[in-house]
Amino acid sequence: MTRGKFILIEGLDRAGKTTQVNRLYERLSPNSESMKFPERSTQIGGLINEYLTNKSFQMPDQTIHLLFSSNRWERQEYIEKTLVTDKKHIVMDRYVYSGIAYSLAKEVDGMDFDWCFGCDKGLIRPDMTVFLVNSKSNDNREGFGKERYEQKCFQEKVHEKFDITFQKLATKDNTSPVQIIDVTDKSITEVEELIWKVVEPVVGAKSASNQLLRF
Ligand code: Z5A
Ligand code: MG
């Protein structure tokens, strides 16, 4: 078997990403690993966690952006080993697109798309990204509002910036496609089936080589 496939689930807050990452990971088990960003268990992840959960913990917007990116870089070797050496699929919860969209939504002078993307250039790129969209607000779902970015008007801006980011990072030959899935009024199981419909052909296809895609 050639290398495993890298499937990324993105979406706004409480869209159900973690729920669906767990479902997909189980479906692909034992040939799968699940991962998430921010990966809060590392030293860098600890700083990110403090920033997200403690609103009085101050940090320049540039610094926290670079920490989110560093957090992805520190896990690259592990991602490569999992896909190429272990030949397992990875189901990922948030990654580069979240990194760019949330920072762009802050509308900080100088932090334009190129600036935000610069530090992520060269990271391993997913074979497919699934973007969960809910046309109703997710703010009634459990846990919403506890962390720094969880405010309705900010989330609307983030949605807009996700769309821009997907357009800017689209590849000409449609390697690494983004599939948008509308989860409005759908049950967890219904969403799971919609995701499986687009992911199954990707995980079922043989890779021509062990070569990984890169941003
Ligand atoms: N961030 C950033 O700024 N830069 C970066 O580079 C990265 C991230 C990587 C924390 O992320 C913050 O970091 C996030 C972006 C920023 N800030 N915001 N906002 P996180 O991923 O750690 O956040 P989280 O705490 O895990 O929340 P979440 O990921 O947004 O939630 P979710 O994973 O999408 O939802 P869930 O946990 O699967 O589900 C939430 C609840 O809804 C739960 O009770 C479920 O049972 C329920 N649920 C799920 N699906 C359904 C359906 N279909 N129907 C009904 N109920 C459902
Ligand atoms: Mg989550």
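Just so you know, ligand 1 is whichever comes first in the structure, and atom 1 is the first atom listed for that ligand.
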[atom] - nearest protein heavy atom and its distance:
atom                    : result
atom 10 (C) of ligand 1 : R40 NH2, 3.5 Å
atom 20 (P) of ligand 1 : K36 NZ, 3.4 Å
atom 5 (C) of ligand 1  : F68 CD2, 3.2 Å
atom 51 (C) of ligand 1 : I188 CG1, 3.4 Å
atom 19 (N) of ligand 1 : D13 OD1, 2.3 Å
atom 47 (C) of ligand 1 : R141 CD, 4.0 Å
atom 53 (N) of ligand 1 : K186 O, 2.9 Å

Determine yes or no for a side-chain-to-main-chain donor-acceptor pair under 3.5 angstrom, with [X] supplying the side chain and [Y] the backbone.
X    : Y    : answer
R214 : G122 : yes
K161 : S98  : no
K5   : M128 : no
Q76  : I124 : yes
D127 : I7   : no
S34  : Y25  : no
R148 : N54  : yes

Close approach, [X] and ligand 1, non-hydrogen under 4.0 angstrom:
X    : answer
Q155 : yes
R148 : no
Q20  : no
V183 : no
A15  : yes

Taking salt bridge (Lys or Arg N to Asp or Glu O under 4.0 Å) as the cut-off, I'd like each qualifying pair that reaches into residues 59-72, sequence neighbours left out, listed once.
D61-K106, R72-D120
I'd like the name of whichever of [options] reaches closest to [atom] through any heavy atom.
atom                    : options             : value
atom 39 (O) of ligand 1 : I48, T19, L52, L132 : T19
atom 11 (O) of ligand 1 : R94, H65, M92       : R94
atom 35 (O) of ligand 1 : S187, G16, S69      : G16

Got a protein heavy atom sitting under 4.0 Å from atom 14 (C) of ligand 1?
yes
Output the list of atoms in ligand 1 that are nearer than 4.0 Å to some heavy atom of [X], sorted by atom number.
X    : result
F37  : 9 (C)
E150 : 19 (N)
K17  : 28 (P), 29 (O), 30 (O), 31 (O), 32 (P), 33 (O), 34 (O), 35 (O), 38 (O)
E147 : 10 (C)
R72  : 5 (C), 6 (O), 9 (C)

So is [X] polar-close to ligand 1, meaning N/O to N/O under 3.5 Å?
X   : result
P38 : no
R14 : yes
T18 : yes

Shortest non-hydrogen contact between F131 and G11, atoms and distance:
CE1-CA, 3.5 Å
Within a strict 4.5 Å, meaning less than it, do heavy atoms of the V203 and N31 side chains meet?
no
Can you find a heavy atom in the side chain of H159 that is under 4.5 Å from one in the side chain of V133?
yes
Output the rest of the hydrophobic cluster of M111: all Ile, Leu, Val, Met, Phe, Trp and Tyr residues reachable through side-chain heavy-atom contacts under 4.5 Å, sorted by chain and number.
L66, V108, W115
What is the number of protein N/O/S atoms located under 2.8 Å from the Mg ion (ligand 2)?
1
Got a sec, which residues hit side chain to side chain contact (heavy atoms under 4.5 Å, CB included) with T184, two or more places apart in sequence or on another chain?
N134, S135, K136, D182
Which of parallel (below 30°), tilted (30 to 60°) and perpendicular (above 60°) describes Y95 and F215?
tilted
Would you please classify the geometry between the Y97 ring and the F166 ring as parallel, tilted or perpendicular, with 30° and 60° separating the classes?
tilted
Closer than 4.0 angstrom, basic N to acidic O: yes or no for E193 and R23?
no
Would E33 and R75 pass as an ion pair if we require N to O under 4.0 Å?
no
Does CG belonging to D109 count more than 12 external heavy atoms closer than 6.0 Å?
no
